[in-house]
S.K.: 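Structure incoming, see below.
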Amino acid sequence: FPDYPPALLLLAAAHFIEGRQPQGMACVGKLGMLGFSGADHFQDIVGRLTDAGRQADARRVVTGLFEHAGAPFPSNALQ
């Protein structure tokens, strides 16, 4: 894993988009170990994906994050 939080954020998002939940969750866990809360940055990534018309990819990122937190995916998360 890189120790550079912006790279970890993008790597986690890429893993979630590709359906590699365990690898994405490992990146999010590493971010936490580095003391970095990336919630705002993930929100930015999801917003950029949505703006680009990639709603399915945005949903995969959000779903991966909620699964990492052990919470169900809320139906209004991408509204």
Side-chain angles (χ1 to χ4, degrees):
F1 294 112
D3 284 337
Y4 184 60
L8 277 170
L9 285 164
L10 293 174
L11 186 58
H15 282 309
F16 290 139
I17 289 168
E18 292 297 317
R20 296 187 302 262
Q21 300 300 84
Q23 292 92 334
M25 288 188 259
C27 290
V28 173
K30 176 71 173 180
L31 282 166
M33 289 173 34
L34 292 172
F36 189 84
S37 173
D40 291 340
H41 298 286
F42 276 113
Q43 185 176 2
D44 181 56
I45 291 169
V46 169
R48 288 173 186 252
L49 287 168
T50 301
D51 290 347
R54 295 175 59 187
Q55 286 81 7
D57 289 340
R59 179 171 291 276
R60 287 182 192 104
V61 172
V62 173
T63 300
L65 292 171
F66 275 94
E67 287 179 3
H68 177 74
F73 181 78
S75 60
N76 64 346
L78 293 176
Q79 295 180 358

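In what follows, every heavy atom counts, from backbone to side chain, and hydrogens, waters and symmetry copies are set aside. A quick note: this is a predicted structure, and the numbers were derived from the prediction, not measured.
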S.K.: How close do Cys27 and His15 get, counting heavy atoms only, and between which atoms?
M.R.: SG-CD2, 3.9 Å
S.K.: Does Ile45 reach the side chain of Phe16, with side-chain heavy atoms less than 4.5 Å apart?
M.R.: no
S.K.: Going by heavy atoms in the side chains, are Ile17 and Leu49 under 4.5 Å from each other?
M.R.: yes
S.K.: Minimum heavy-atom separation for Ala12 to Gly24, with atom names?
M.R.: CB-O, 3.8 Å
S.K.: Could you tell me whether Arg60 and Asp57 have a side-chain N and a carboxylate O separated by less than 4.0 Å?
M.R.: yes
S.K.: Specify whether Phe36 and His41 have parallel, tilted or perpendicular ring planes, treating 30° as the upper limit for parallel and 60° as the lower limit for perpendicular.
M.R.: parallel
S.K.: Between CG of Leu11 and OH of Tyr4, what distance do you get to the nearest 0.5 Å?
M.R.: 14.0 Å
S.K.: Run Phe42 and Leu31 through side chain to side chain contact (heavy atoms under 4.5 Å, CB included) and show every step you take.
M.R.: CA-CA 12 Å; Phe42 276 113; Leu31 282 166; 4.2 Å; yes
S.K.: Considering all heavy atoms of both residues, which atom of Thr50 and which atom of Gln55 are nearest to each other, and what is their separation?
M.R.: O-NE2, 3.4 Å
